[in-house]
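Everything quoted here is computed from the prediction, not taken from an experiment.
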Amino acid sequence: MLAVYLIISAVIVGLDQWTKYLTVENIQLGETKEFISGFLSFTYIRNTGGAWSILEGKMMFFYIMTVVVVAVLLYMLVKNIKNSKWFTIGLSLILAGALGNFIDRLRLGYVVDMFKTEFINFPIFNVADMALVIGVACVFIYLILDERKEKKAKA
């Protein structure tokens, strides 16, 4: 069963790296290409920080944190493999997101971002970022459902 979650992570990392490759090959740095008018465009930027460019240029911090986070995620995935699908899928998505951006940081010294929402002022992001956000949402759903289950058991 662990293999299924690791395959999910690997597929997402592959998709992340593929979209980043296509971005670098087809869009000039800083250029924007409209995709869905008024909704989504592609803009190639280089992010040397974390989310919203926090801790910009602190690559060693990101290297160390990612190794620690990946180790913890793998441990938690193995330990909880038979628990809630919300939790294990969430962990595999978070793992994929962490690894996708880690590969960029190691290989390039920055993270390639490309998705720009046109309907709201939001930072430009990539597939790895989406995996992280969706993974965290899955873990939150698990926590809410687990808390409800515990309350019902006590009642």
Side-chain angles (χ1 to χ4, degrees), residues 1-36 39-120 122-143:
M1 193 65 171
L2 177 62
V4 171
Y5 296 109
L6 296 178
I7 289 169
I8 290 169
S9 293
V11 167
I12 292 169
V13 169
L15 179 62
D16 175 65
Q17 292 299 302
W18 180 62
T19 57
K20 290 173 179 177
Y21 169 79
L22 290 175
T23 298
V24 171
E25 290 297 313
N26 295 295
I27 302 175
Q28 295 294 317
L29 183 61
E31 179 184 8
T32 297
K33 291 193 176 186
E34 189 174 70
F35 183 64
I36 301 172
F39 186 74
L40 183 69
S41 64
F42 295 105
T43 301
Y44 171 25
I45 66 165
R46 296 174 179 172
N47 183 354
T48 60
W52 293 280
S53 296
I54 61 170
L55 299 172
E56 198 164 351
K58 306 290 185 200
M59 285 299 133
M60 189 55 66
F61 170 79
F62 289 110
Y63 298 150
I64 292 167
M65 286 306 300
T66 304
V67 169
V68 170
V69 166
V70 166
V72 169
L73 287 169
L74 288 171
Y75 170 78
M76 291 177 66
L77 195 55
V78 169
K79 186 177 178 212
N80 294 286
I81 199 71
K82 294 184 179 180
N83 286 351
S84 166
K85 298 290 183 243
W86 284 108
F87 190 61
T88 50
I89 288 171
L91 292 176
S92 64
L93 292 173
I94 295 168
L95 177 64
L99 289 173
N101 286 336
F102 186 60
I103 290 168
D104 279 16
R105 287 189 178 102
L106 283 177
R107 195 171 62 87
L108 304 169
Y110 55 85
V111 174
V112 174
D113 287 330
M114 77 289 294
F115 297 112
K116 180 180 180 188
T117 55
E118 297 295 339
F119 62 95
I120 187 172
F122 193 77
I124 298 170
F125 56 96
N126 59 42
V127 172
D129 298 334
M130 288 188 281
L132 285 164
V133 170
I134 295 167
V136 168
C138 288
V139 170
F140 276 133
I141 290 169
Y142 159 75
L143 292 172

Novice: What pairs of residues pass the side chain to side chain donor-acceptor pair (under 3.5 Å) test when at least one of them lies in residues 87-97, not counting sequence neighbours?
Specialist: Tyr5-Thr88

Novice: Which residues pass the ring pair (Phe, Tyr, Trp, His ring centres under 6.0 Å) test with Phe115, not counting sequence neighbours?
Specialist: Phe42, Phe125

Novice: If the condition is side chain to side chain contact (heavy atoms under 4.5 Å, CB included), which residues does Leu6 pass it with, not counting sequence neighbours?
Specialist: Leu2, Leu74, Leu77, Leu95

Novice: By ring pair (Phe, Tyr, Trp, His ring centres under 6.0 Å), which residues pair with Phe140, not counting sequence neighbours?
Specialist: none

Novice: Can you name the salt bridge (Lys or Arg N to Asp or Glu O under 4.0 Å) partners of Asp113, sequence neighbours left out?
Specialist: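 Applying salt bridge (Lys or Arg N to Asp or Glu O under 4.0 Å) to Asp113 gives none.
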
Novice: Holding to side chain to side chain contact (heavy atoms under 4.5 Å, CB included), I want the full list of residues that pass it with Glu34, two or more places apart in sequence or in another chain.
Specialist: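 Counting only residues at least two positions away or on another chain, Glu34 forms a side chain to side chain contact (heavy atoms under 4.5 Å, CB included) with Ser37.
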
Novice: About how many Å separate OG1 of Thr117 and CG of Leu40, when rounded to the nearest 0.5 Å?
Specialist: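 Leu40 CG to Thr117 OG1: 7.5 Å, rounded to 0.5 Å.
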
Novice: When rounded to the nearest 0.5 angstrom, what is the spacing between CE in Met114 and CD1 in Ile27?
Specialist: 8.0 Å

Novice: Decide yes or no for Tyr44 and Asn26: does some side-chain heavy atom of the first lie under 4.5 Å from some side-chain heavy atom of the second?
Specialist: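 With C-beta onward as the side chain, the pair stays apart.
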
Novice: Compile the donor-acceptor pairs under 3.5 Å between side chains in residues 11-20 and protein atoms, sequence neighbours left out, one pair per line.
Specialist:
from: Asp16; atom 1: OD1; to: Lys20; atom 2: NZ; distance (Å): 3.4
from: Asp16; atom 1: OD1; to: Ala128; atom 2: N; distance (Å): 2.9
from: Asp16; atom 1: OD2; to: Lys20; atom 2: NZ; distance (Å): 2.8
from: Gln17; atom 1: NE2; to: Gly100; atom 2: O; distance (Å): 3.0
from: Gln17; atom 1: NE2; to: Asp104; atom 2: OD1; distance (Å): 3.2
from: Thr19; atom 1: OG1; to: Leu15; atom 2: O; distance (Å): 3.2
from: Thr19; atom 1: OG1; to: Asp16; atom 2: O; distance (Å): 2.9
from: Lys20; atom 1: NZ; to: Gly100; atom 2: O; distance (Å): 3.3
from: Lys20; atom 1: NZ; to: Asn101; atom 2: OD1; distance (Å): 3.1
from: Lys20; atom 1: NZ; to: Asp104; atom 2: OD2; distance (Å): 3.0

Novice: Quick one: side chain to side chain contact (heavy atoms under 4.5 Å, CB included) partners of Asn80, sequence neighbours excluded?
Specialist: Met76, Asn83, Phe87

Novice: Determine the minimum heavy-atom distance between Cys138 and Gly90, stating which atoms define it.
Specialist: CB-CA, 3.6 Å

Novice: Sequence neighbours left out, what passes side chain to side chain donor-acceptor pair (under 3.5 Å) with Glu31? Give chain and number order.
Specialist: none

Novice: Can you pull out every salt bridge (charged side-chain N to carboxylate O under 4.0 Å, His left out) where at least one residue sits in residues 126-141? Sequence neighbours excluded, please.
Specialist: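 Qualifying pairs: none.
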
Novice: With salt bridge (charged side-chain N to carboxylate O under 4.0 Å, His left out) as the rule and sequence neighbours excluded, what pairs involving residues 69-97 come up?
Specialist: none

Novice: Using side chain to side chain donor-acceptor pair (under 3.5 Å) as the criterion, list what pairs up with Tyr142, not counting sequence neighbours.
Specialist: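 Scan of Tyr142 (side chain to side chain donor-acceptor pair (under 3.5 Å), adjacent residues dropped) gives none.
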
Novice: For a quick test of reading the model, state the closest non-hydrogen atom pair linking Val70 to Ala98 and the distance between them.
Specialist: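 That closest heavy-atom pairing would be CG2-CB, 4.4 Å.
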
Novice: To the nearest 0.5 Å, how far apart are CD1 in Ile36 and CD in Glu118?
Specialist: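 Spacing of CD1 (Ile36) from CD (Glu118) equals 10.5 Å.
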
Novice: Quick one: OG1 on Thr32 to CD1 on Ile124, what's the gap to the nearest 0.5 Å?
Specialist: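 Separation between the atoms: 6.5 Å.
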
Novice: Write down the atom of Tyr63, the atom of Arg105, and the distance for their closest heavy-atom approach.
Specialist: OH-O, 3.1 Å

Novice: Which of these, Val68, Val78, Ile94, sits in a side-chain contact (heavy atoms from CB on, under 4.5 Å) with Leu73?
Specialist: Ile94

